[in-house]
Amino acid sequence: MLHLLQPKKNLLLLPALLFMLLVPVIGGEVPVDTEYNDGPYIFYQGDSLEARWVCNGNAIITRHSSDDSIFPNTKCGKISTVPKIRQAVDEAEPIEFTDVPKIAALSDIHGQHEIFIRLLTAHGIIDNQGKWSWGNGHLVIVGDILDRGPRVMETLWFLYSLEAQANAAGGRVHVLLGNHEVMVLQGDLRYLHPKYEFVAKTLNTDYDELFSKKSVLGHWLRTKPVTLKINDFLFVHGGIHPQMLDLGLSFTDLNTTFQSGLDYSREAIDQDEALDFLYGGRGPIWYRGYFPGEKNELNDLKPILAAFGVQRIVVGHTSMEVVSAFHGGRVLAVDSSIKRGETGEILIWEGGEFFRGTLTGERMLLGQ
Ligand code: ZN
């Protein structure tokens, strides 16, 4: 009896197995319009908090005490789990760290939350419950969480929570601004996934208003730096063009000046010499010249490395098939095309060596 049933069972199992294998590869199912669940977009309102959600395609508003330890996960499916909301902090975050024993970096997640989580889990940076498990390591997100894909809020709330967990363990999570964070904060909404057009319409607002200074995540993003130094590595989304050095900004001033322009209009930016450069094509969030054939291509990185006192620069923004090294290992490119929702890698530095970390948890020494 058992023997006769066996082949039938296998025949049924095969399509199911194929489906299970394919779903993570295509980035999970994306519901359409009236099935959309999203949020919460949480706003500071005096001593309390207002949360706006889209639940099965409908707007819902809930109000909470700022002491609520955790936000209720409403009945509408896969809405983000939200951690305890912290008091808004206005100070810029620290941007220089030394003696860090291990570092991981990736960029350009663009709403492909599943791939991001799979990479962190595969390399032990988080455990199977999604909690920080990398001790005193530093994880750097080299910009471009927003735009393109359908699960942006999941990544943002996840990182909001993870940075507190990492701090408590003696580690750190760093989120750097990319051009897509800046585009959304400044109201350039050309790259929204249709889901977020629907969400903004349903919540009766413009998408950028959901990330205004009064929102928890909008405020949080405005405290994030555009560059960061860990040990003798510099992290920046696009790259540093040598002309930027002519602005004569210190490392701290580079970040505070950049942040000061986040809520400026295009006209106001154009009228300020430093901001005009920092937000332009050769500025740190847009520049691509470290790669062959790109505009304003740069061959000699020595003046930049010397000016910042670093040995290497880690950048995202310019998409590669895999994490790659250029200029004899002076430039490490971590945009591994996660945005396609199919694959991705993470750069890992540990024991003095660089590795490409794959989705299956494999570590390959990075050729230079
Ligand atoms: Zn970018």
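We count ligands from 1, going down the list as the structure has it; atoms in each ligand are counted the same way.
Taking the six-membered ring for Trp and the full ring otherwise, Phe277 and Tyr287 have centroids separated by 6.0 Å or more. A distance below 6.0 Å separates the ring centres of His180 and Tyr191. Ring centroids of Phe258 and Tyr279 are separated by less than 6.0 Å, placing the two rings close together.
Excluding waters, the set of protein N, O or S atoms lying under 2.8 Å from the Zn ion (ligand 1) comprises Asp144 OD2, Asn179 OD1, His237 NE2, His317 ND1.
Nearest heavy-atom pair across Phe308 and Met244 is CZ-CE, 3.9 Å.
Between Glu163 and Arg86 a salt bridge is recorded (basic side-chain N to carboxylate O distance below 4.0 Å). Using a 4.0 Å cut-off between charged side-chain N and carboxylate O, Glu181 and Lys224 make no salt bridge.
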